[in-house]
J.: 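Have a look at this one before I ask anything.
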Amino acid sequence: MRWLVGWSSTAAGAWGGSAGSVGYDGRHDADAAYGGQVGYEGETLQPVGSHLLWGDPDPLWAVGDWRPDEVRVVSVDAQNRIAVLGTCGATDDQLRIGLSAARGGALRHLTAWPGSYTAIVRVGRRLTVCGDLAGVRPVFHTPWAGGTAYATAALPLADLVEANLDFGHLAALLAAPDVPAALHDSTPYDGVRRVPPGHALILRAGAREIAGYEPVASLAVAAPPADPDSAVDAVRDALVEAVRARLSAPRHVPDIDPGPVPGMGPAERRAARGMPMPGIGADLSGGPASGTLALLAAGLPGMPGTLLGHGTGAGERLLAVTFNDLAVGGDEDELERAGALAANPRLHHVVAAGAEETLPYADMDGPLTDEPGPSLVTVARHRARLAAGSADHFTGYGARQVLDAHPARLADLLMDRKRRHLVRPVAALTKADGSVLVPARVYGAARRLARTPYRAGVEGLAERLLHRRFGSDDSGGALGASLAALTWGGAGPAARWLTGEALAEVSVRLQSAAHRAGGGPGQRPGDYRARAALTRHAMDLRVLEQAAEIRSQRLHAPFLDNQVVRACRALPETLRVQPGARAAILRTVLKGAGVTDLPPGWGAPSQASASAAARAGLRMAIDPLLNLFEAPLLAEAGLIEARVVRRALRAAAAGEPLPLDGLADLISLEIWLRRLLSRRGTCWTGTPARARAVPAGIAPQRRAVSSGG
């Protein structure tokens with residue numbers, strides 16, 4: 001894991017320091033003091049394994065295995081500095097311009113450079129920490145020592161204040177994971193808060209403020225009509241710049257290979273030792289998102305993708321990795337398309353085969369992540385694929401969330417009086433379902449949502465949870481999913497297994513959020529639901545990145561960069577809702593970049609079923625899972641009844657049609673709780689008895705769980 005952490009104190013000189021210490025950038029001045037409070041037994045209170053970026057009175061550290069080019073600090077003088085951590089395509093001069101703009105309050109300018117990064121600006125005693133639009137690089141904060149501590153990870157702050165678990169947040173994470181009103185700004189740790197995506201944390205001498213830097217569309221006036229061609233061109237330009245920012249960064253070679261192993265080639269040896277290949281690589285699943293990034297990365301001028309004998313450093317080909325699931329199968333068409341794409345001489349194709357040991361639930365051992373997430377049960381599959389990848393590896397995560405139309409956008413079209421654009425998506429649902437009643441049902445649900453105020457929608461969900469009514473429609477497949485999504489918020493797939501007390505607590509949180517929001521979030525329901533789905537996906541990607549991390553490897557998800565997200569949000573809704581819109585947009589993007597030779601069927605919906613792999617993994621791991629829920633921590637917390645979940649696991653393994661993603665949510669949260677409570681270390685030195693989060697463990701809950709504020 002890598003994060004930054006710091007605090008803003010109430011007054012200058014509140015903390016001790018040793019003037020003249022050397023900071024991360026090598027400066028040797030009074031401002032580069034160690035930036036820590038003298039803790040117990042004379043130790044300095046500072047993060048373990050940290051590098052100081054600047055010192056007292058408002059210190060900032062970078063913690064973890066950051067590469068040298070991933071941490072940049074640009075100073076105008078001792079009181080005005082900007083730090084950028086991550087992959088950022090801005091030059092030093094552009095960073096100075098951004099610092100000047102931030103001094104005048106122009107925060108959005110700090111988020112408009114290509115790449116994925118966190119920007120922190122120090123102007124005197126004012127600190128500004130910018131989160132991203134998707135939520136893959138969040139910012140957290142908590143009151144501490146009369147001021148405010150902040151970080152890009154929640155666990156260090158929980159260790160600092162010895163935070164207990166927020167059982168209300170955990171209940172909401174299971175009952176309504178896609179509803180921002182249920183989660184609000186809470187985290188799994190009581191008292192540690194999250195800055196919403198598209199917002200910045202501003203600290204002035206310990207006092208905190210949350211400020212949004214992104215304009216929100218008006219509900220009263222429809223957005224001006226956007227030109228589809230110009231919007232797609234903007235997506236192409238943003239994606240090309242995002243890929244170019246990664247390619248222009250310095251190359252990193254993993255640790256030196258210690259030597260040959262009999263019977264193993266170099267690639268097999270590296271994979272067995274958990275070491276990626278040097279250079280640039282990308283996923284190549286046969287789908288449109290990963291294929292687009294692989295072809296863009298291989299086709300841009302410079303390395304990789306330079307043909308042998310053409311230019312300096314020629315001969316480096318982009319490493320394209322395809323995962324072949326031998327245990328389940330069913331993805332032969334995608335493998336064939338991936339092989340056709342990999343025939344490009346700029347690509348070096350590697351197929352990572354996965355057998356039963358890479359099924360979901362096959363390997364439930366792993367590192368503690370900052371937060372829980374469903375990806376914890378599928379880590380073995382991702383690690384097998386990433387181990388065959390490169391030191392810098394492109395992934396197509398987020399493309400579906402930023403390009404596809406959430407079903408609730410049909411209500412947005414009705415609000416804007418664009419009924420004729422509903423014809424094609426409704427016709428596609430009718431063809432998939434085979435019922436002549438589909439158009440009336442979909443139109444009726446979209447019309448109800450368009451006429452339902454936000455407050456009424458959230459209160460309706462609270463009422464359904466309280467009375468254990470988890471679905472208003474009994475249809476399955478694409479139609480059932482679409483009808484269920486045509487609301488302001490829906491119950492999560494794990495809600496049916498929660499106790500009545502846990503559901504009552506989530507209901508109370510929703511009702512409080514509905515009253516707190518007043519008139520609503522200021523967005524149309526489809527746009528609101530799409531942003532919530534993107535945030536949820538980004539949170540799970542962050543968990544996956546930490547759980548499946550390969551040493552010396554960086555995962556890159558250009559579709560989640562700020563500029564790409566902005567360009568995708570500017571796409572007209574009438575274009576999004578058309579069947580096959582994502583593949584058509586990406587095909588146009590590739591055509592504009594000079595790539596036209598795509599295999600037949602490229603962009604077709606995947607026929608490989610993730611549920612088949614999940615069910616196969618559940619059947620194989622049923623005994624360990626039953627043991628896991630013999631005396632679960634979730635039951636001690638009052639969130640579930642162990643016998644109910646064990647019965648559901650047996651039924652799902654026997655083939656009954658239960659929501660497997662809901663079981664994955666329960667299992668991943670139980671695994672995460674056990675890892676959290678079994679840890680021995682802490683993120684800080686100088687704390688009493690090496691204080692850490694959840695010091696007292698989980699106390700049995702005999703009443704409705706606490707909301708944590």
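Since the structure is predicted, the reported quantities are computational estimates derived from the model, not experimental observations. If you read the sequence from its start, that first residue is 1, and numbering goes on from there.
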J.: Thr111 and Arg566: side chain to side chain donor-acceptor pair (under 3.5 Å), yes or no, with the steps?
T.: CA-CA 11 Å; Thr111 67; Arg566 285 191 179 105; 2.6 Å; yes
J.: Nearest heavy-atom pair of Gly279 and Ser390: which atoms, and what distance?
T.: O-CB, 3.4 Å
J.: Ala200 and Leu107: which non-hydrogen atoms are nearest, and at how many Å?
T.: CB-CD1, 4.0 Å
J.: Any ring-ring contact (aromatic ring centres under 6.0 Å, His included) pairs touching residues 556-580, not counting sequence neighbours?
T.: Phe394-His556
J.: Are the side chains of Thr574 and Leu413 in contact, using a 4.5 Å heavy-atom criterion?
T.: yes
J.: Can you check side-chain contact (heavy atoms from CB on, under 4.5 Å) on Leu133 and Arg569, steps first, answer last?
T.: CA-CA 11 Å; Leu133 290 176; Arg569 285 180 178 173; 4.2 Å; yes
J.: What residues, two or more places apart in sequence or in another chain, satisfy salt bridge (charged side-chain N to carboxylate O under 4.0 Å, His left out) together with Asp65?
T.: Arg2
J.: Are Ser375 and Asp540 linked by a side-chain donor-acceptor pair shorter than 3.5 Å?
T.: yes
J.: Just checking, any donor-acceptor pair under 3.5 angstrom between side chains of His406 and Arg409?
T.: no
J.: Under 4.5 Å between any side-chain heavy atoms of Ile210 and Leu201, yes or no?
T.: yes
J.: Strictly distance-based, threshold 3.5 Å: is any side-chain N or O of Tyr213 a donor or acceptor partner for the main-chain N or O of Gly131?
T.: yes
J.: Does Arg103 CZ have over 12 foreign heavy atoms under 6.0 Å away?
T.: no
J.: Below 4.5 Å, heavy atoms only, C-beta onward: do Pro156 and Asp370 meet side chain to side chain?
T.: yes
J.: Any Lys/Arg nitrogen of Glu545 or Arg542 sitting under 4.0 Å from an Asp/Glu carboxylate oxygen of the other?
T.: no
J.: Sequence neighbours left out, what passes salt bridge (charged side-chain N to carboxylate O under 4.0 Å, His left out) with Asp93? Give chain and number order.
T.: Arg96
J.: Any donor-acceptor pair under 3.5 Å linking the side chain of Gln94 with the backbone of Thr91?
T.: yes
J.: From Ile82 CD1 over to Ile97 CD1, what is the distance, rounded to the nearest 0.5 angstrom?
T.: 11.0 Å
J.: At what distance, to the nearest 0.5 angstrom, does CZ of Arg126 lie from CD of Gln79?
T.: 13.0 Å
J.: Hey, are the side chains of Val235 and Thr588 touching, using non-hydrogen atoms and a 4.5 Å cut-off?
T.: no
J.: Indicate yes or no for a side-chain donor-acceptor contact from Arg529 to the backbone of Thr487 under 3.5 Å, with no hydrogens or angles considered.
T.: yes
J.: I'd like to know if Arg72 pairs up with Asp92 as an ion pair, taking the criterion as any Lys NZ or Arg NE/NH1/NH2 lying under 4.0 Å from an Asp or Glu carboxylate oxygen.
T.: yes
J.: Testing Val73, Leu85, Leu53 for side chain to side chain contact (heavy atoms under 4.5 Å, CB included) with Ile120, which one passes?
T.: Leu85
J.: Heavy atoms, side chains only, cut-off 4.5 Å: are Leu60 and Arg122 in contact?
T.: no
J.: Does the side chain of Pro215 reach to within under 4.5 Å of the side chain of Arg108, using non-hydrogen atoms?
T.: yes
J.: Please list, chain by chain and in numerical order, all residues satisfying side-chain hydrogen bond (donor to acceptor under 3.5 Å, both in side chains) with Arg194, sequence neighbours excluded.
T.: Glu371
J.: Using 30° and 60° as the class boundaries, would you call the ring planes of Tyr397 and His537 parallel, tilted or perpendicular?
T.: tilted
J.: Which residues pass the salt bridge (charged side-chain N to carboxylate O under 4.0 Å, His left out) test with Arg246, not counting sequence neighbours?
T.: Asp561
J.: For Val76, is there any backbone N or O sitting under 3.5 Å from a side-chain donor or acceptor partner on Arg81?
T.: no
J.: Pair Ile550, His393 - check side-chain contact (heavy atoms from CB on, under 4.5 Å), show working.
T.: CA-CA 11 Å; Ile550 303 294; His393 197 76; over 6 Å; no
J.: Are Asp58 and Arg125 packed together at the side-chain level, in the sense that at least one heavy-atom pair is separated by less than 4.5 angstrom?
T.: yes
J.: Under a 3.5 Å distance rule, please check whether Arg383 uses its side chain to pair with a backbone N or O of Ala547 as donor and acceptor.
T.: yes
J.: To check you understand the geometry: which heavy-atom pair defines the closest contact between Gly281 and Leu318, and what is its length?
T.: CA-CG, 4.2 Å
J.: Assess the residue pair Glu573 and Lys418 against the criterion (salt bridge (Lys or Arg N to Asp or Glu O under 4.0 Å)); give the C-alpha distance rounded to whole Å, side-chain angles, the decisive distance to 0.1 Å, and a yes or no.
T.: CA-CA 10 Å; Glu573 290 181 345; Lys418 298 178 179 178; over 6 Å; no
J.: Apply side-chain contact (heavy atoms from CB on, under 4.5 Å) to Glu241 and Gln563, showing your working.
T.: CA-CA 9 Å; Glu241 287 302 316; Gln563 289 299 80; over 6 Å; no
J.: Rounded to the nearest 0.5 Å, how far does CD of Glu549 lie from CG of Leu555?
T.: 8.5 Å
J.: Has Asp412 got a side-chain atom pairing as donor or acceptor with Asp527's backbone, closer than 3.5 angstrom?
T.: yes
J.: Under 3.5 Å, side chain of Asp178 to main-chain N/O of Ala533, donor-acceptor pair present?
T.: no
J.: As an exercise, state the distance from SG of Cys568 to CG of Asp404, rounded to the nearest 0.5 Å.
T.: 10.0 Å
J.: Name all residues meeting the salt bridge (charged side-chain N to carboxylate O under 4.0 Å, His left out) criterion together with Arg208; count only those two or more places apart in sequence or in a different chain, and write none if there are none.
T.: none
J.: Quick one: are Pro250 and Arg67 in side-chain contact, heavy atoms under 4.5 Å?
T.: no
J.: Mind listing the closest non-hydrogen atom pair of Ala320 and Leu284 along with its distance?
T.: CB-CD2, 3.8 Å
J.: Check whether Trp113 reaches the backbone of Leu110 with its side chain - one donor and one acceptor, N or O, closer than 3.5 Å.
T.: no
J.: Determine the minimum heavy-atom distance between Leu319 and Ala388, stating which atoms define it.
T.: CD2-O, 3.4 Å
J.: Of the non-hydrogen atoms in Ala134 and Ala538, which two are nearest, and what is the gap between them?
T.: O-CB, 3.4 Å
J.: Please tell me whether Trp61 and Trp7 form a close aromatic pair, meaning their ring centres lie under 6.0 Å apart.
T.: yes
J.: Applying side-chain contact (heavy atoms from CB on, under 4.5 Å) to Leu155 and Met1, what does each step give before you reach the verdict?
T.: CA-CA 11 Å; Leu155 183 58; Met1 288 177 59; 5.6 Å; no
J.: Check whether any side-chain N or O of Thr369 sits under 3.5 Å from a backbone N or O of Pro372 as a donor-acceptor pair, and report yes or no.
T.: no
J.: How long is the straight-line distance from OG of Ser290 back to CG of Leu586, given to the nearest 0.5 Å?
T.: 10.0 Å
J.: Do side-chain atoms of Asp132 reach the backbone of Arg137 as a donor and acceptor pair under 3.5 angstrom?
T.: yes
J.: Can you tell me how far CG of Leu157 sits from OG1 of Thr152, rounded to the nearest 0.5 angstrom?
T.: 9.0 Å
